Amino acid sequence: MVKKSYWIVLVLVFLVGLDWYIRAPDARSRQLSSAIEAQASQELKDYPYQFKVLKVSGDTAYLSTPRSFEVPAFRALAALFPDIDTKDANNPAFIAAEQRLGRVQAEAHAIVLAQPGVKEVAWELDREWLKRHFIEVPAK
């Protein structure tokens, strides 16, 4: 019985390690994400969502985002700023939050695009972040 438990634990540890390895960003992605952290304005540093480079393919960096056409901004903003009424598109606080998201997203984009070897930045929906915040994520 002890041997069987040992092997079960060993297999679970292996699977967790394999999952981490598969999801772990490569060195170039980490480097570009570090550039965002190092060059960010105070507004971007203080923003509740941290933009990161998920992967790099050729000269294209894929930057994470909590919103897309699939997941409208009001859903992400509701998770980021729970005190704001995101159902009212005319709410001044909602409008300000939406504009702020646009500013910090544009800044993260510009920082990554300015890095050597990056000619294009594409947005990729941060499905893991959305799931952690109980936001329904459409299938790929």
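All values reported here derive from a predicted model rather than from experimental measurement. Atoms considered below: every heavy atom in the structure, side chains included; atoms not considered: hydrogens, waters and symmetry mates.
Below 30°, between 30° and 60°, or above 60°: for Phe51 and Tyr47 the angle between ring planes is below 30°, a parallel geometry.
Heavy atoms only, all atoms of each residue included: Lys131 and Val137 are closest at CG-CG2, 3.9 Å. In terms of heavy atoms, Ile95 sits closest to Ala89 at CG1-O, 3.5 Å. The shortest non-hydrogen separation linking Pro138 to Glu70 is CG-CB, 3.4 Å. Across every non-hydrogen atom of Ile84 and Ala97, the tightest pair is CD1-CB, 3.8 Å. Smallest separation of non-hydrogen atoms from Arg75 and Ile135: O-CD1, 3.5 Å.
Side-chain contact check for Val104 versus Glu43: some heavy-atom pair is nearer than 4.5 Å. Between Gln115 and Gln39, the closest side-chain pair of non-hydrogen atoms falls below 4.5 Å. Residues Glu124 and Ser64 form no side-chain contact, since every pair of their non-hydrogen atoms from C-beta on lies 4.5 Å or further apart. Put simply, the side chain of Tyr62 does not reach to within 4.5 Å of the side chain of Val56, judged on heavy atoms. Looking at Arg67 and Val71, their side chains never come closer than 4.5 Å, going by heavy atoms from C-beta outward. Residues Gln99 and Phe94 form no side-chain contact, since every pair of their non-hydrogen atoms from C-beta on lies 4.5 Å or further apart. Val112 places a side-chain heavy atom less than 4.5 Å from the side chain of Val53. Residues Asp126 and Pro66 fail the side-chain proximity criterion, which asks for heavy atoms closer than 4.5 Å.
Not a single donor-acceptor pair under 3.5 Å links the side chain of Asp59 to the backbone N or O of Val118. Under a 3.5 Å cut-off, the side chain of Ser41 and the backbone N or O of Leu44 do form a donor-acceptor pair. The backbone N or O of Ala78 sits nowhere less than 3.5 Å from a side-chain atom of Thr86 that would complete a donor-acceptor pair.
We find the OG-CG distance between Ser68 and Leu130 to be 8.0 Å, quoted to the nearest 0.5 Å. Note that CG of Leu77 and CG of Asp85 are 12.0 Å apart. Values are rounded to the nearest 0.5 Å. Going from atom CD of Gln105 over to atom NE2 of His109 covers 9.0 Å, rounded to the nearest 0.5 Å. To the nearest 0.5 Å, atoms CD1 (Ile36) and NZ (Lys52) are separated by 9.5 Å. Once rounded to the nearest 0.5 Å, the distance linking CG of Leu125 with CZ of Phe69 reads 12.0 Å. Distance check: Leu63 CG to Lys55 NZ gives 12.5 Å after rounding to the nearest 0.5 Å.
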| query | So Glu98 and Phe74, side-chain contact (heavy atoms from CB on, under 4.5 Å) or not? Walk me through it. | reply | CA-CA 8 Å; Glu98 199 169 31; Phe74 79 87; over 6 Å; no

